[in-house]
Amino acid sequence: MGKMLVSRGLVLLRAESHLFNIIAGKGIDVSIVGTQLRIEKPLRAITHLEKQGRAAPAWVAALQSYGQSLLVPIFSHSTVVGYLSLGPRFQGKYSRTDTKLIQSLVNLSGAAIEKALIIDQVRDANRNLDRKYQELNTLFDLGKELNVGLDQDHVIRLVTFALMGQIGVQQYAICLRTEAGISVAASRLHEGPPIEQELVQLSDLKKAERIEDLLRSKAHRAPAAALSSRGISVVVPLHIQNQIRGFVVLGERLRGGEYTREDLEYLYSLGNLVIISLENARLFQEAIEKQRMEDELTIAREIQQGLLPERIPEIPGFDVAAVNISSKQVGGDYYDVLQRKANEYVIAIGDVSGKGMPAALLMANVQAALRALAPLSEPLPVTTARMNDLTCVNTRGGSKFITFFWGVLEAQKKELRYVNAGHNPPLLLRANGGVERLEAGGIILGVVKTGTPYVEAATVCRKGDLLVLYTDGVSEAMNAEGVDFTEERLLEVLKQNRESTAHEVIQHVLRAIEEHTRGTPQSDDITMLVMRSV
């Protein structure tokens, strides 16, 4: 500038493919330094800018507005790495000798400029490597912490510390997908409308995105605008097996500046490390809850088995056996045999609608009522009515009900007085080949309080007769084709084994059911009480 008597000058260096930064200037407005110009087709020869005419590119017009007159390319290995531009001379124009001198000086500086650029690039690379190293260390340390933290609150607390410390944000929210949709697990956003619905509309995101980029997408513009109004700058999807299980949203960085591509990559890695830990925490809690329930069911099973007769009383003149097989750990079937007087025995069988713990609890109430009321020696219909009314109170008009059969056996006379409250009619196989169904009684227990009295009936079990009480888990045992075992099949098995002992009869029936339902899980509780008159 001194040699050429020039008062203004600029130096531009290539930043990216077609972008050149103004890195130095003299005799110009200081604010111009740092400006970036886009030069699609770099000029490769010394150019007088005033000769470019009206068709000149926008960047030429920009340089002219800065008072520049001569543009000199800076080469390194035949590549334009920058430009020197000079304003007009105080005296005269640039001569050919002037331009040659300027080009020679610039050429001497080209290698040094390229070396400086390379040094800057190496410094940038080193800074990026240091940053990546720190990020990897953070992810590694956080991963160790997350692996031992099997609690959702602990995991969320760790990730919030990482967001505030490593990324430097104050506004954030962590949202997780539940069965009901997206819910906010932690938030430090300013008060405002909920963001869950907008996040649902971003469920197709494959990577972390800046809101300003989403605003340029037609598909995402509306939810992105709503999130932007809440001060959100970045949305990070949390993926497990290519399915979105949540989001992390972030506000502006405390130290300012945009989120870079490297920031977004780090946030996506951090987010997916977190969602895996959250999923592990959820599965761990589910496993604990499942184990707790299994332990409780085991205890309930032991209690329920304690409600069944530990040992069936010996009844003179009768061979008695029973079996109860629950389809679940606890069931709704029940049978009982208890001595009421010196020569009287109560036999009972029942089935609660449904299975599992609710059915078992209701059946326990029936067992307690039977054992409390049976010794009172009231007429069977009266006691049955009381049991029905008590059951109605316990079910409170709900959907549960009980089919129930019970009777009093006078062992010496072999007479059975009974009431059937809607239960599968017990089968009485006579020694002479006949079959009776014990059906007399009334409505099932627990639906409505007793209006019409229950009916009592009586029968005599002669020598060689076989009485079989069973629940619908026997007759309705279903095979893979959906076909029931049926009462007819049961009756056929009983007829074929009518001379067997009570225990053997039960085993024959169970084998027949197993053969019928082979390969199919047990669908209902199976209970049988068999009495053979000897």
Return the CG to CD distance between Leu214 and Glu209, rounded to the nearest 0.5 Å.
5.0 Å
Here the gap from Leu227 atom CG to Leu202 atom CG, rounded to the nearest 0.5 Å, amounts to 6.0 Å
Got more than 12 heavy atoms from elsewhere within 6.0 Å of NE2, His239?
yes
Using modelled atom types and a 3.5 Å cut-off, is there a donor and acceptor pairing between side-chain atoms of Arg489 and backbone atoms of Phe485?
yes
Does atom CZ of Arg386 have more than 12 heavy-atom neighbours, drawn from other residues, nucleotides or ligands, at distances under 6.0 Å?
no
Under a 3.5 Å distance rule, please check whether Arg177 uses its side chain to pair with a backbone N or O of Ile244 as donor and acceptor.
yes
Can you give each donor-acceptor pair under 3.5 Å made by side-chain atoms of residues 466-476, sequence neighbours left out, with the distance rounded to 0.1 Å?
| unit_1 | atom_1 | unit_2 | atom_2 | d |
| --- | --- | --- | --- | --- |
| Tyr470 | OH | Glu487 | OE1 | 3.1 |
| Thr471 | OG1 | Asp333 | OD2 | 2.8 |
| Thr471 | OG1 | Thr527 | N | 3.3 |

Give a yes or no answer on whether the side chain of Gln367 reaches the backbone of Leu370 with a donor-acceptor pair at less than 3.5 Å.
no
Whether Lys206 engages the ring of Tyr268 as a cation-pi pair (distance to the six-membered ring centre under 6.0 angstrom, angle to the ring normal within 45°) should be assessed.
no
Could you tell me whether the side chain of Gln339 and the main chain of Lys341 form a donor-acceptor pair under 3.5 Å?
yes
Tell me, please, whether Tyr259 has Arg253 positioned over its six-membered ring: NZ or CZ under 6.0 Å from the ring centre and within 45 degrees of its axis?
yes
Identify the heavy atoms of Val509 and Met528 that sit nearest to each other, and give their distance.
CG1-SD, 3.6 Å
Shortest non-hydrogen contact between Met363 and Gly350, atoms and distance:
CE-C, 3.7 Å
How long is the span from the CG atom in Asp213 to the OG atom in Ser217, to the nearest 0.5 Å?
10.0 Å
Over 12 foreign heavy atoms within 6.0 Å of CD, Glu212:
yes
Donor-acceptor pair, Thr517 side chain versus Met478 backbone, under 3.5 Å?
no
Looking only at side-chain N and O atoms, does Gln201 offer a donor or acceptor that is under 3.5 Å from a partner on His220?
no
Between Asp336 and Tyr334, is there a side-chain donor-acceptor contact under 3.5 Å, judged purely by atom types and distance?
yes
Does Glu289 CD have over 12 foreign heavy atoms under 6.0 Å away?
yes
Between the NZ atom in Lys463 and the NZ atom in Lys414, the distance rounded to the nearest 0.5 Å is 7.5 Å
